[in-house]
Participant: 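Dropping a structure here in structure tokens format, bear with me for questions.
Predicted, not measured: the structure shown is a model, and the values here were computed from it. The figures that follow rest on heavy atoms only: side chains count, while hydrogens, waters and symmetry mates do not. Position 1 is the first residue of the sequence; numbering continues from there.
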Amino acid sequence: MAEPVQAEPVSTEETVKATAEETTNDDNKGATTETAAPDTGDDSATKDESAAQGDDQKEEENQVSVAPDFTAAEEDAAQMENFQFNADIAQLMSLIINAVYSNKEIFLRELISNASDALDKIRYQSLNDKEALGNEPNLKIEIIPDTVTKTLTIRDTGIGMTKEDLVNNLGTIARSGTKQFMEAISAGADISMIGQFGVGFYSAYLVSDKVVVRTKCNDDQQYVWESSAGGTFKVRPDEHSPHQLARGTEITLYLKEDCLPFIEDKKVKEIVKKHSQFVAFPITLFTVKEEEKEVEDESDDDDDDDEDDAGDKDKDEASVEVSKKKEKKEKAKKTEKVKKEEWELLNKQKPIWTRNPNDVTKEEYSAFYKSISNDWEDYLALKHFSVEGQLEFSGLLFVPKRAPFDMFEPAKKKNNIKLFVRRVFIMDDCKELCPEWLSFIRGVVDSEDLPLNISRESLQQNKILKLIQKNLVKKALEMFSELAENKEDYKVFYDQFSKNIKLGIHEDSKNRTKISNLLRYSSTKTGDKEMISLKEYVERMKDDQKAIYYITGESKAAVETSPFLEALKKRDLEVLYLVDPIDEYAVQQLREYDGKKLQCVTKEGLDLGLTEDEKKKIEEEKAAFEGLCKKMKEILGDKVEK
């Protein structure tokens with residue numbers, strides 16, 4: 001709409017003078033003139049519209065960017081270096097950028113998770129080095145949305161990165177999970193599982209055209225990393241920037257046009273509540289809120305002053321006048337909108353493991369599990385417990401629905417249980433906390449007895465930790481037993497983690513009997529997909545049966561047709577099928593169950609509980625064929641074992 005043309009302003013004095021002259025002239029002529037009323041129709045509406053437009057323009061002009069400034073000083077820009085992404089990483093980024101994926105919000109979960117890890121590292125470092133926190137003792141995560149530059153910034157006061165870390169971790173060295181993640185995606189896995197493979201940072205490109213990282217580590221100066229994902233990235237020093245971080249990392253995402261809702265306060269709060277509400281560090285959001293503030297109407301005050309100067313009246317009239325003035329003053333108060341900047345805390349929940357299990361909802365457990373595991377699925381089972389007495393600690397254990405991709409790789413973490421001491425995170429890779437066969441369990445343990453500044457070396461010798469491990473194994477076995485009560489859920493569990501249970505039989509002699517109750521096998525008397533426990537096998541044994549029979553082989557199909565089974569089938573004896581390579585190692589350690597020996601039907605000396613007549617018949621058959629066997633041995637020589 002075109003701006004209306006405004007007339008030049010005329011002073012009140014000139015207007016009065018002109019009106020007076022016109023009136024005088026008219027009087028002299030003996031004619032009467034009427035003063036025309038001002039036109040308040042269309043012209044007034046046009047002026048209001050114009051004023052509204054002006055206000056909008058003024059508001060846009062008044063908006064100030066709160067995003068970090070990455071303008072490089074000449075000295076820093078001169079030292080800019082260009083790098084090529086590793087081939088696997090470049091392929092991964094291409095996959096992410098071109099992904100048609102609706103659940104893009106997981107990028108924020110991954111970046112907050114990385115920030116939390118960085119804070120955990122500096123806090124652990126500070127336990128042994130008091131100077132590590134330096135001028136920034138506050139451990140926090142800040143989120144800064146900016147509508148002017150269309151950016152979202154995630155800033156932490158964690159351990160930060162050196163130049164070498166930046167180059168290696170964000171571009172040139174591919175983690176083992178990079179390729180495996182791409183293979184998993186090709187096989188139909190969900191992209192939200194990216195965090196499990198250690199490449200969560202690159203999820204930023206689900207929503208961004210460009211990502212800029214500013215970081216400061218205690219061991220190096222400040223650096224800036226930048227990439228628009230075109231196969232290259234840049235790194236430069238940021239020593240001369242006026243924006244110096246005390247320590248930590250600042251990641252700024254330049255959002256794609258279709259991802260601008262992610263800079264809305266409501267959307268950010270929703271994502272943090274869904275994915276990161278149980279992060280151990282405060283997550284704050286920079287917000288600008290409008291508040292209404294009461295102001296005095298000066299024009300009304302002037303009117304009141306005029307009334308104060310009124311002539312003398314009696315006391316009753318004066319009293320009425322005062323009350324009228326008070327009412328008028330109250331009405332004269334008006335409000336105006338004032339902008340207020342503040343940091344809003346988003347994760348207000350206290351540590352979930354310290355709460356009463358009866359007060360925690362399934363949704364809260366699920367949110368917490370996902371926050372510590374980077375899993376996109378819900379957990380399969382959980383155990384929330386508190387131990388008091390000889391030592392005091394609380395914990396929360398989860399069983400995932402599927403096995404980790406790197407469960408049996410030598411280089412993987414030996415356990416996934418985070419160790420806290422009085423709500424302070426200590427470490428998440430303490431080998432002494434949990435045996436290797438339980439490495440698939442996720443969770444937290446919070447001790448009241450361990451010292452805060454305990455070192456890894458002293459942890460190995462710590463008696464308290466050994467007691468905690470003993471109790472953790474006990475709680476895990478209780479959780480598995482409870483899970484076994486639901487056949488469908490236990491089948492999911494056993495399909496994924498049967499190797500771990502059998503490894504437990506092999507490694508954990510103290511709990512071998514309890515672990516053996518968790519074993520499941522197919523047999524000569526089960527259906528195609530049915531499996532039975534050793535306890536069920538013993539319950540349906542024949543009265544005169546003295547052993548648990550089993551046969552080993554490469555597959556169920558292979559052992560089902562074995563000639564070794566014929567004699568047992570004739571006697572209606574059930575035989576277990578052990579077709580997993582680890583089964584043989586497990587039964588070597590187990591040897592017996594509930595007082596019954598485990599016997600392999602393919603080994604010599606198999607005792608089928610024969611009667612005297614049956615034994616006599618076998619001896620007669622053996623004698624009848626003795627000559628033939630001897631002759632065959634002579635002819636075949638070393639080719640025959642017995």
Side-chain angles (χ1 to χ4, degrees), residues 68 106-144 152-171 173 175 177 194-204 211-226 235 238 243-253 271-272 275-285 343 345-347 370-374 413 416 418-420 423-430 444 456:
I106 58 112
F107 82 92
L108 188 55
R109 177 193 73 188
E110 296 302 326
L111 297 181
I112 289 175
S113 177
N114 289 349
S116 177
D117 289 344
L119 290 162
D120 280 335
K121 286 175 184 175
I122 193 64
R123 181 158 67 178
Y124 179 73
Q125 196 179 94
S126 70
L127 294 175
N128 297 311
D129 177 11
K130 292 180 181 178
E131 301 299 318
L133 295 180
N135 297 326
E136 184 52 271
N138 297 317
L139 302 180
K140 59 188 177 180
I141 299 169
E142 296 174 337
I143 302 174
I144 308 163
L152 185 69
T153 300
I154 297 91
R155 182 164 62 210
D156 66 69
T157 56
I159 199 163
M161 288 181 277
T162 62
K163 179 186 176 183
E164 185 181 358
D165 292 335
L166 269 180
V167 174
N168 292 341
N169 297 343
L170 303 186
I173 296 180
R175 293 171 176 266
I194 187 168
Q196 291 190 355
F197 295 83
V199 286
F201 167 77
Y202 300 105
S203 65
V211 177
V212 182
V213 179
R214 173 182 276 142
T215 187
K216 171 72 174 72
C217 177
N218 288 338
D219 301 329
D220 206 343
Q221 66 183 51
Q222 186 164 293
Y223 280 91
V224 167
W225 178 102
E226 178 184 325
V235 175
D238 199 37
H243 308 283
Q244 291 293 311
L245 302 174
R247 184 194 63 252
T249 301
E250 186 177 69
I251 301 174
T252 299
L253 315 180
I271 298 170
V272 171
H275 296 292
S276 309
Q277 65 171 316
F278 295 111
V279 168
F281 302 95
I283 303 171
T284 53
L285 174 68
W343 291 96
L345 182 65
L346 302 184
N347 56 336
K370 289 177 180 178
S371 73
I372 63 168
S373 67
N374 287 327
K413 275 171 40 176
N416 289 287
K418 295 177 183 288
L419 175 64
F420 287 76
R423 268 64 64 203
V424 175
F425 174 79
I426 302 299
M427 65 181 74
D428 60 358
D429 59 350
C430 177
V444 296
R456 290 174 187 269

Participant: Once you round to the nearest 0.5 Å, how far does SG of C217 lie from CG of L245?
Facilitator: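 Rounded to the nearest 0.5 Å, the SG-CG separation comes out at 12.0 Å.
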Participant: Using modelled atom types only, decide if a donor and an acceptor are shared between the side chain of Q222 and the backbone of H243 within a distance under 3.5 Å.
Facilitator: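 Indeed, once roles are kept as given, a pair shorter than 3.5 Å links the two residues.
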Participant: Under the side-chain contact (heavy atoms from CB on, under 4.5 Å) rule, what do T215 and W225 come out as? Steps first, then yes or no, please.
Facilitator: CA-CA 8 Å; T215 187; W225 178 102; over 6 Å; no
Participant: For the pair V279 and V272, evaluate side-chain contact (heavy atoms from CB on, under 4.5 Å) and give the outcome as yes or no after the intermediate values.
Facilitator: CA-CA 9 Å; V279 168; V272 171; over 6 Å; no
Participant: Going through the checks in order, is the side-chain contact (heavy atoms from CB on, under 4.5 Å) test met by T284 and K140?
Facilitator: CA-CA 8 Å; T284 53; K140 59 188 177 180; 5.7 Å; no
Participant: Heavy-atom distance under 4.5 Å between the side chains of L108 and I106, does that happen here?
Facilitator: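 SC-SC contact between L108 and I106 ruled out.
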Participant: Measure the spacing between CG of D156 and CD of E250 and express it to the nearest 0.5 Å.
Facilitator: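 Result: 9.5 Å between the selected atoms.
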Participant: When rounded to the nearest 0.5 angstrom, what is the spacing between CD1 in I251 and CD1 in I154?
Facilitator: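 If I round to the nearest 0.5 Å, the distance is 6.5 Å.
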Participant: So if I apply the salt bridge (Lys or Arg N to Asp or Glu O under 4.0 Å) rule between D238 and each of K216, R214, K163, which one comes out positive?
Facilitator: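 In the set K216, R214, K163, the residue that makes a salt bridge (Lys or Arg N to Asp or Glu O under 4.0 Å) with D238 is R214.
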Participant: Can you tell me how far CD1 of I159 sits from OH of Y124, rounded to the nearest 0.5 angstrom?
Facilitator: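 CD1 of I159 is found 11.5 Å from OH of Y124.
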Participant: So does Q125 have more than 12 non-hydrogen atoms from other groups sitting under 6.0 Å from CD?
Facilitator: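 Yes - once you tally the heavy atoms of other residues, nucleotides and ligands closer than 6.0 Å, there are more than 12.
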Participant: Minimum heavy-atom separation for R109 and S276, please, with both atom names.
Facilitator: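 In this case the closest contact between R109 and S276 is CA-OG, 4.2 Å.
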Participant: Is any side-chain heavy atom of S373 closer than 4.5 Å to a side-chain heavy atom of N416?
Facilitator: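 Of all side-chain heavy-atom pairs linking N416 with S373, none is under 4.5 Å.
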Participant: I need the minimum non-hydrogen distance between L253 and A204, along with the two atoms involved.
Facilitator: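 Of all heavy-atom pairs spanning L253 and A204, the closest is CD2-CB, 3.7 Å.
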Participant: With no hydrogens and no angle check, is any side-chain donor or acceptor of N135 less than 3.5 Å from a backbone partner on A246?
Facilitator: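 Absent.
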Participant: Check for a donor-acceptor pair, side chain of S116 on one end and backbone N or O of S113 on the other, with a separation under 3.5 Å.
Facilitator: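 Judged by distance alone, no pair lies under 3.5 Å.
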Participant: Judged by atom type as modelled, is there a donor-acceptor pair below 3.5 Å linking the side chain of R247 to the main-chain atoms of G160?
Facilitator: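 Side chain of R247 to backbone of G160, a donor-acceptor pair under 3.5 Å: no, none is there.
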Participant: In Å and rounded to the nearest 0.5 Å, what is the CG to OH distance from L170 to Y202?
Facilitator: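 If we round to the nearest 0.5 Å, L170:CG and Y202:OH are 5.5 Å apart.
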Participant: Checking I143 against W343 for the side-chain contact (heavy atoms from CB on, under 4.5 Å) test, could you report, in this order, the C-alpha distance in whole Å, the side-chain angles of both residues, the deciding distance, and whether it holds?
Facilitator: CA-CA 9 Å; I143 302 174; W343 291 96; over 6 Å; no
Participant: For residues D220 and T162, report the shortest heavy-atom separation together with the two atoms involved.
Facilitator: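 Looking at all heavy atoms of both residues, the shortest contact is OD2-CB, 3.6 Å.
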Participant: Do F201 and N169 touch side chain to side chain, with heavy atoms closer than 4.5 Å?
Facilitator: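 With C-beta onward as the side chain, the pair stays apart.
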Participant: For the residue pair L345 and P282, what are the closest heavy atoms and their distance?
Facilitator: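 Heavy-atom minimum between the residues: CD1-CB, 3.7 Å.
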Participant: I'd like to know if the side chain of S126 and the backbone of L133 have a donor-acceptor N/O pair within less than 3.5 Å.
Facilitator: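 Looks like no, no N/O pair under 3.5 Å.
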Participant: Taking atom types as modelled and ignoring hydrogens, do the side chains of T252 and T153 form a donor-acceptor contact shorter than 3.5 angstrom?
Facilitator: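 Yes - a donor-acceptor pair under 3.5 Å links their side chains.
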Participant: If every non-hydrogen atom of N114 is compared with every non-hydrogen atom of G200, which pair is closest and at what distance?
Facilitator: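 Shortest heavy-atom contact: ND2-C, 4.3 Å.
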Participant: Nearest 0.5 Å please: distance from the CZ atom of F281 over to the CD1 atom of I112.
Facilitator: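 One gets 13.0 Å once the value is rounded to the nearest 0.5 Å.
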